[in-house]
Amino acid sequence: MLKIRLMGTKNDIKWFVKIIQRCPKVETREVSEFYRNKGTDRYYRVYVEIGKANTKNS
């Protein structure tokens, strides 16, 4: 299992989470809500928990 912190604009984070979720070798277990980064209204962070998908080719 991996815990990943993504930082960027809301649109960039949503875009990347979709990429992770489409990957057949990765199981997205949890995606947190958006948290604001201090000192800016533009950038946010999200925490994603992923693991190895249960497939024959893994």
Side-chain angles (χ1 to χ4, degrees):
M1 178 201 26
L2 294 171
K3 293 185 179 185
I4 302 170
R5 180 176 67 184
L6 302 175
M7 294 175 57
T9 64
K10 281 188 175 183
N11 286 337
D12 289 341
I13 293 170
K14 288 176 188 177
W15 165 77
F16 194 74
V17 168
K18 284 181 185 179
I19 290 173
I20 293 171
Q21 290 172 334
R22 288 184 195 143
C23 183
K25 292 185 177 185
V26 175
E27 176 189 356
T28 305
R29 297 181 180 162
E30 186 177 337
V31 179
S32 75
E33 62 188 66
F34 284 94
Y35 297 99
R36 281 185 187 233
N37 282 353
K38 290 183 181 179
T40 180
D41 290 334
R42 182 173 179 198
Y43 296 106
Y44 293 82
R45 65 188 187 280
V46 167
Y47 299 93
V48 182
E49 189 175 299
I50 63 171
K52 204 184 261 190
N54 292 330
T55 62
K56 289 184 178 183
N57 298 329
S58 291

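Here, residue 1 is the first one in the sequence, and each next residue gets the next number.
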In terms of hydrophobic clustering (I, L, V, M, F, W, Y; side-chain heavy atoms under 4.5 Å; direct or indirect links), are [X] and [Y] co-clustered?
X: I4; Y: I13; answer: yes
X: V26; Y: V17; answer: yes
X: L2; Y: I20; answer: yes
X: W15; Y: M7; answer: no

Nearest heavy-atom neighbours spanning [X] and [Y]:
X: D41; Y: R36; answer: OD1-NH1, 3.1 Å
X: A53; Y: P24; answer: CB-O, 3.3 Å
X: E27; Y: K52; answer: OE1-O, 4.0 Å

Intermediate values then yes/no, side chain to side chain contact (heavy atoms under 4.5 Å, CB included), N37 and Y44: CA-CA 5 Å; N37 282 353; Y44 293 82; 5.8 Å; no
Inter-residue atom distance T28.OG1 - I19.CD1, 0.5 Å rounding: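 Result: 11.5 Å between the selected atoms.
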If we check side-chain contact (heavy atoms from CB on, under 4.5 Å) with V31, which of these qualifies: K14, E49, Q21?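 Looking at K14, E49, Q21, the match for V31 under the side-chain contact (heavy atoms from CB on, under 4.5 Å) is Q21.
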